[in-house]
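The structure under discussion appears below in the form of structure tokens.
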Amino acid sequence: MAWIKSHYCGYLSPSDVGKEVKLTGWIGRRRDHGGLIFIDLRDRSGLAQLVFDQPRGVELFQLAESLRSEYVVAVKGTVIKRTAENINPALPTGEIEIHVSKMEVLNRSKTPPFYIEDGINVDENLRLRYRYLDLRRPEMFNRLQLRHRAAKLARDYLDSYDFLEIETPMLTRSTPEGARDFLVPSRLHPGSFYALPQSPQLFKQLLMIGGVERYFQIVRCFRDEDLRADRQPEFTQIDIETSFFGSENLFALIEGLVALLWKELRGVDLKLPIPRLSYREAMDRYGSDKPDLRYGMELVNLDEPAAESDFNVFKSALDAGGAVRGLLVPGGKRFSRRELDDLTLLARQMGAKGLAWVFVEDEGWRSPISKFFSEPLMNRISETMGAVPGDLMLFVADRWEVSCQVLGQLRRVLAPKNISADPHFLWVVDFPLFHYNEEEERYDSDHHPFTAPRPEDMSLLDSDPLAVRAQAYDLVLNGVEIGGGSIRIHNSDVQKKIFDLLSLTEEESKEKFGFLLEALSFGAPPHGGIALGFDRTVALLAGDDSIRQVIPFPKTAAASCLMTGSPAQVSEKQLDELEISLQETEEEES
RNA sequence: GGAGCUGUGGUGUAGAUGGUUAACAUAUCGGCCUGUCAAGCCGAAGACCGCGGGUUCGAGUCCCGUCAGCUCCGCCA
């Protein structure tokens, strides 16, 4: 029997009744009644019920009796309409079944270690070790399919705007700053190493200088940092770069793309344009540079009333140029002393010196700090916060960033339980160009060293670098950063100046980035771009919390692959060819 | 680098305060069964409780260490 199927199992319908079909797939559940056997035949499309009984041939029936889970078979049979009482409304193909006339077992299978079906509850360990079995589960195949469709939509969309998909090197050079690089030793240059790209950043800029004008790439990136539910050592970006294309054009382009994805893949109509918040405002109102706008609980500025209190913690923070911010927790009276202690601990871990709390009751404040506040002041603060009896108010007084960030973290922890999954997109713009690196005692790029300052802030580069705003932007969805980009520096003098401010010596910047500085001096067009985190985007489209769900073969939290056993040791010969010797591992003496 | 949670037949779980034959469901194997779709009924086999120490007359249970998975902090331009 030829193994080409005439139909997919899951797409058979009453309109196929009477047809002779050829099906291929895997054996799912088997219901053996002795003289009558029902078998769910599964392929990537879904299930169809096969029926075997004695009168249709003893040999075929015996073969059907020998079938076990995950055997691979090809069958030929007739699509039959089920009688009314035998219809299974829970199954898309529940109105029909296949009366098999011929069957070939193409392969047998060991008993799988877990059920090949949706909604299973097994250790992720097992799923990762047997990922190929996990991928047979419909919900996993659907994720692969969703990912494919998202990629295809993005490609076609960008193609329609004249973007070219262009590949860039995977073996490139290590650059300072940014994440830790994955290094690849060079055999032809012993002692030298390639780095896998953290992103194609420099290459896409060089493509702009190369006259491409509109580039994109759905590309793997590598960062040797610790993992999270939304971070893998290798991940995929939709990487975009354009020339002669200001940030407004870029926003419109990306908004069109995400609207297309959500429309086609989720049936959701996004309201465009996507709202924008400056970094400053996002921090001030939500305590985060990627706020989740699906719920309120905005932070409240209490600088003025706090200054009038006798509470030294508030006053000294304000005197030092800091800020006092409040977070209202509606109905927060249910919090126990112990839960408050946990919140305080969290606040301390986030860098706050402490956390002040106030229960608002009918009689007024119940709080360890109430003695520092007059009655009118307490009322004024409650009013500013919008608090009513039964609510809990949390206050942090510290440096502005700390006050905001700590309460922003608490806002996330204390978020309402049943927030909708509706997509709330947001652009966060006007990031600072630099932040101060206390450890290294120098300025670091907030985004990356090729980000252009806002033109009106250029003069601040010399006087107050930390006040310079960048032409950088992040795309945020429901509290998740799904993309970020910037307008780049296209002038070699400005680029030199930035390198200088980053405390890169002329020698260093020439050594590491000389090719870029030279390229910028040959008529570099104004350009800029963005990269969307493809794994995160697909995970959000799929409604998953972890990007591992939408990556076919992901790594564990310790960055290993449980299926292949990578990373693994290599042979002496391989190391010799690379002139690499391993250090003796130090045995602990105890 | 740090913190927390988890680890018991193939799988998912139960095993208060330490007590001798580690329980249940499901899967598996065998038998019966012609309308099931989580098929049903009967029976069988299957676990040295992640690993290594320790405390104890006695450890799945308590202690220490270690490994693995997950989550978070640091880290991620």
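Residue numbers begin at 1 in each chain, while the letters A, B, ... track the order of the sequences.
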Using heavy atoms to find the nearest nucleotide of RNA chain B for A:Arg412 and A:Arg56 separately, return the residue whose nucleotide is more 5′.
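Its nearest nucleotide lies further toward 5', so the answer is A:Arg56.
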Position toward the 5' end of RNA chain B (nearest nucleotide), A:Gly94 or A:Gln349:
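Per heavy-atom nearest nucleotide, the more 5' residue is A:Gly94.
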Rounded off to whole Å, could you give me the [atom1]-to-[atom2] distance for the [X] and [N] pair?
| X | N | atom1 | atom2 | answer |
| --- | --- | --- | --- | --- |
| A:Lys555 | B:C76 | NZ | P | 21 Å |
| A:Gln549 | B:C70 | CD | P | 12 Å |
| A:Phe38 | B:A38 | CZ | P | 13 Å |
| A:His33 | B:U36 | NE2 | P | 7 Å |
| A:Ile98 | B:C37 | CD1 | C1' | 14 Å |
| A:Ile39 | B:A39 | CD1 | P | 12 Å |
| A:Phe61 | B:C33 | CZ | C1' | 10 Å |
| A:Asp342 | B:C73 | CG | C1' | 15 Å |

A:Arg411 side chain vs A:Met297 backbone, donor-acceptor pair below 3.5 Å:
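Judged by distance alone, yes, a pair lies under 3.5 Å.
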Determine yes or no for a side-chain-to-main-chain donor-acceptor pair under 3.5 angstrom, with A:Asn88 supplying the side chain and A:Ala90 the backbone.
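Flag set: sc A:Asn88 to bb A:Ala90 pair under 3.5 Å.
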Quick one: pull up [atom1] in [X] and [atom2] in [Y] and give me the separation to the nearest 0.5 Å.
| X | Y | atom1 | atom2 | value |
| --- | --- | --- | --- | --- |
| A:Leu433 | A:Leu501 | CG | CG | 8.5 Å |
| A:Tyr473 | A:Ser247 | OH | OG | 6.0 Å |
| A:Ser445 | A:Phe431 | OG | CZ | 14.0 Å |

Classify the nucleic acid contact of [X] as base, sugar-phosphate or nothing, counting any heavy atom under 4.0 Å across all strands shown.
| X | value |
| --- | --- |
| A:Pro55 | base |
| A:Ala90 | nothing |
| A:Arg29 | sugar-phosphate |
| A:Asp446 | sugar-phosphate |
| A:Glu97 | base |

Taking only heavy atoms on the protein side, list every residue of residues 112-142 of chain A lying under 4.0 Å from any atom of RNA chain B, sorted numerically.
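RNA chain B contact set from residues 112-142 of chain A: A:Pro113, A:Tyr115, A:Asn121, A:Val122, A:Asp123, A:Glu124, A:Asn125, A:Leu126.
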Tell me, which of residues 492-517 of chain A have any heavy atom that sits under 4.0 Å from an atom in RNA chain B?
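By residue number: none to list.
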Phosphate contact ([N] OP1 or OP2) by [X] side-chain N/O below 4.0 Å:
| X | N | result |
| --- | --- | --- |
| A:Arg348 | B:C73 | no |
| A:Arg31 | B:U36 | no |
| A:Arg30 | B:C37 | no |
| A:Ser560 | B:G69 | yes |
| A:Thr556 | B:G69 | yes |

For [N], what is the paired nucleotide under Watson-Crick or G-U wobble rules, both distances under 3.5 Å?
| N | value |
| --- | --- |
| B:A16 | none |
| B:C48 | none |
| B:U21 | none |
| B:C5 | B:G69 |
| B:U26 | B:G10 |
| B:U61 | none |
| B:C33 | none |

Just checking [X]: does its [atom1] atom have more than 12 heavy atoms from other residues, nucleotides or ligands closer to it than 6.0 angstrom?
| X | atom1 | result |
| --- | --- | --- |
| A:Arg294 | CZ | yes |
| A:Lys555 | NZ | yes |
| A:Phe182 | CZ | yes |

Give a yes-or-no answer on whether the side chains of [X] and [Y] include a donor-acceptor pair shorter than 3.5 Å.
| X | Y | answer |
| --- | --- | --- |
| A:Asp43 | A:Ser45 | yes |
| A:Arg399 | A:Gln405 | no |
| A:Asp535 | A:Gln232 | no |

Which listed nucleotide ([options]) is nearest to the side chain of [X]?
| X | options | value |
| --- | --- | --- |
| A:Leu36 | B:U34, B:C37, B:C29 | B:U34 |
| A:Asp226 | B:U36, B:G1, B:A27 | B:G1 |
| A:Gln49 | B:C70, B:U28, B:G35 | B:G35 |
| A:Arg228 | B:U71, B:C73, B:U36 | B:C73 |
| A:Glu225 | B:C72, B:C75, B:C29 | B:C75 |
| A:Leu562 | B:G69, B:C37, B:C70 | B:G69 |

If anything within 90° of 0 is syn and all else is anti, what is B:A16?
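Because its glycosidic torsion lies within 90° of 0, B:A16 adopts the syn conformation.
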Quick one: the side chain of A:Arg82 and the base of B:C37, do they pair up donor-acceptor inside 3.5 Å?
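Result: at least one qualifying N/O pair found.
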Ion pair present between A:Asp398 and A:Lys353, side-chain N to carboxylate O less than 4.0 angstrom?
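Salt bridge between A:Asp398 and A:Lys353, a charged N being under 4.0 Å from a carboxylate O: yes.
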How would you list, by chain and number, every residue that makes a ring-ring contact (aromatic ring centres under 6.0 Å, His included) with A:Tyr130, sequence neighbours excluded?
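Not a single residue meets the ring-ring contact (aromatic ring centres under 6.0 Å, His included) criterion with A:Tyr130.
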